[in-house]
Amino acid sequence: MRKEINMGTWDISPLGHGTAAGSAAPDRKPTASLFRPALGPVTFDAGLLPPIDWIDHVGTDPIRALEMLVLGWYPAEEVKPALEAPTDEELANLPPSLAAFHRLARLRPALHRFSNPMLEQPRRVERPWGGLLVFAAENQGCADWSIPWPPQGGPADADPPVWRTEDPHGDEDPEMILEAEPLSRFLLQFTLHEASGIAPFRAWTHIMPVECLEPLSDLLRPVPLSPFLPDYRGDLFYAAPGLLASISADETEADVVFAARDGEVLAPLRAYDFSWHRFDE
């Protein structure tokens, strides 16, 4: 069964994400009350931390935004090329954003260490609804992400829609859900989500009243993307120099995940009176 989630049009305010007009709201959705004027903001000395000017390009050039994010967030490494990695000829046949991701992975191999892996070699599959190219998978095989394949010869070929297939291996007619963002912006969502998962330093809060997050308005800049996996957590992404954050919230409650590559960036967050579930030192 295919399912399309109509996310509507997302309004981005200067302090946070708005809500989707005319859309079916997830159980935990962002609200305008999430960010209000800060009471006692914590600030960081940006110094040599990775900048966040990549956010400026999310709306106009998501491939450039992805490149700037990845090259700034992950250090270069000396590793042997993976034997199964796509060749330049194979990359030339992929949509530009997916090809760009694989080229970036040659420079930043951490992209292939995500908890939910991006496949080093995308694979073709046939499902009841037609041909697909699977490019990423949930780590326990409960879901995968794909694009229609082969290309149909239309405008969507350059930036195709993304389908999430639930239980692709155990169901003869698996449920397919259309992601809110096309491939180029979905890859940004996916990278932000997975970067938080494998960051060297992380901090998670317990669920707490949404008002507790008010001071973050002066610290975090919103990333103008739709909620990621709205039928699960519906995370919205934010960034500060050297810091990534994802927030899941409804009208009354919220929780947040912070991620940093440097523990000194994470440490000042202790000043917030949050209910911490984990805080890496």
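These numbers were taken from a predicted model, which means no experiment stands behind them. For the numbers below, each heavy atom of this structure counts, side chains included, while hydrogens, waters and symmetry mates do not.
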Between [X] and [Y], which heavy-atom pair has the shortest distance, and what is it?
{"X": "Tyr238", "Y": "Pro222", "answer": "CD2-CA, 3.4 Å"}
{"X": "Val210", "Y": "Asp250", "answer": "CG2-O, 4.4 Å"}
{"X": "Ala249", "Y": "Ala254", "answer": "CB-CB, 3.6 Å"}
{"X": "Ile147", "Y": "Pro95", "answer": "CD1-CG, 3.7 Å"}
{"X": "Pro150", "Y": "Gln152", "answer": "O-NE2, 2.7 Å"}
{"X": "Pro75", "Y": "Arg108", "answer": "O-CD, 3.2 Å"}

Would Glu67 and His57 satisfy side-chain contact (heavy atoms from CB on, under 4.5 Å), going step by step from the backbone distance to the final call?
CA-CA 10 Å; Glu67 292 171 344; His57 304 283; over 6 Å; no
Supply the atom-to-atom distance [X] [atom1] to [Y] [atom2], rounded to the nearest 0.5 angstrom.
{"X": "Arg164", "Y": "Ile177", "atom1": "CZ", "atom2": "CD1", "result": "4.0 Å"}
{"X": "Asp61", "Y": "Met68", "atom1": "CG", "atom2": "CE", "result": "10.0 Å"}
{"X": "Arg221", "Y": "Ile55", "atom1": "CZ", "atom2": "CD1", "result": "5.0 Å"}
{"X": "Arg64", "Y": "Leu69", "atom1": "CZ", "atom2": "CG", "result": "13.5 Å"}
{"X": "Arg278", "Y": "His206", "atom1": "CZ", "atom2": "NE2", "result": "12.5 Å"}
{"X": "Asp144", "Y": "Glu138", "atom1": "CG", "atom2": "CD", "result": "10.0 Å"}

Is there side-chain contact between [X] and [Y], with heavy atoms separated by less than 4.5 Å?
{"X": "Leu229", "Y": "Asp235", "value": "no"}
{"X": "Trp54", "Y": "Asp56", "value": "no"}
{"X": "Leu216", "Y": "Tyr272", "value": "yes"}
{"X": "Met176", "Y": "Leu132", "value": "yes"}
{"X": "Pro151", "Y": "Pro160", "value": "no"}
{"X": "Arg127", "Y": "Pro168", "value": "yes"}
{"X": "Leu269", "Y": "Leu219", "value": "yes"}
{"X": "Met118", "Y": "Leu111", "value": "no"}

Checking the side chain of [X] only, and the main-chain atoms of [Y] only, is there a donor and an acceptor separated by less than 3.5 Å?
{"X": "Arg261", "Y": "Trp73", "value": "yes"}
{"X": "Thr205", "Y": "Phe274", "value": "no"}
{"X": "Gln121", "Y": "Leu119", "value": "no"}

Between His102 and His112, is a side-chain contact (heavy atoms from CB on, under 4.5 Å) present by the stated rule, with each step listed?
CA-CA 9 Å; His102 284 281; His112 287 308; 4.2 Å; yes
Counting only heavy atoms from other residues, nucleotides and ligands, does the tally under 6.0 Å from CD of Glu77 exceed 12?
yes
Do other residues, nucleotides or ligands put more than 12 heavy atoms under 6.0 Å from the CG atom of Asn93?
yes
Using side-chain contact (heavy atoms from CB on, under 4.5 Å), reason through Leu94 and Leu91 one step at a time and then give a plain yes or no.
CA-CA 5 Å; Leu94 295 177; Leu91 290 180; 3.8 Å; yes
How are the rings of Phe279 and Trp276 set to each other: parallel, tilted or perpendicular (split at 30° and 60°)?
perpendicular
Are Leu213 and Leu266 connected in a single hydrophobic cluster, I mean Ile/Leu/Val/Met/Phe/Trp/Tyr linked by side-chain heavy atoms less than 4.5 Å apart?
yes
Same hydrophobic cluster for Phe101 and Phe228, using side-chain heavy-atom links shorter than 4.5 Å among ILVMFWY?
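Linked within one cluster.
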Given a cutoff of under 4.5 Å between side-chain heavy atoms of I, L, V, M, F, W and Y, with clusters grown through shared members, what are the other residues clustered with Val257?
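Cluster partners of Val257: Trp204.
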Cut-off 3.5 Å, no hydrogens considered: what does the side-chain donor-acceptor table look like for residues 181-199, sequence neighbours left out?
from: Glu181; atom 1: OE1; to: Arg185; atom 2: NE; distance (Å): 2.7
from: Glu181; atom 1: OE2; to: Arg185; atom 2: NH2; distance (Å): 3.2
from: Glu181; atom 1: OE2; to: Ser226; atom 2: N; distance (Å): 2.9
from: Glu181; atom 1: OE2; to: Ser226; atom 2: OG; distance (Å): 3.1
from: Ser184; atom 1: OG; to: Asp159; atom 2: OD1; distance (Å): 3.3
from: Ser184; atom 1: OG; to: Asp159; atom 2: OD2; distance (Å): 2.8
from: Arg185; atom 1: NH1; to: Val58; atom 2: O; distance (Å): 3.2
from: Arg185; atom 1: NH2; to: Pro224; atom 2: O; distance (Å): 2.8
from: Gln189; atom 1: NE2; to: Ser226; atom 2: O; distance (Å): 2.8
from: Thr191; atom 1: OG1; to: Leu187; atom 2: O; distance (Å): 2.7
from: Glu194; atom 1: OE1; to: Ser115; atom 2: N; distance (Å): 3.1
from: Glu194; atom 1: OE1; to: Asn116; atom 2: N; distance (Å): 3.1
from: Glu194; atom 1: OE2; to: Asn116; atom 2: ND2; distance (Å): 3.0
from: Ser196; atom 1: OG; to: Leu192; atom 2: O; distance (Å): 3.4

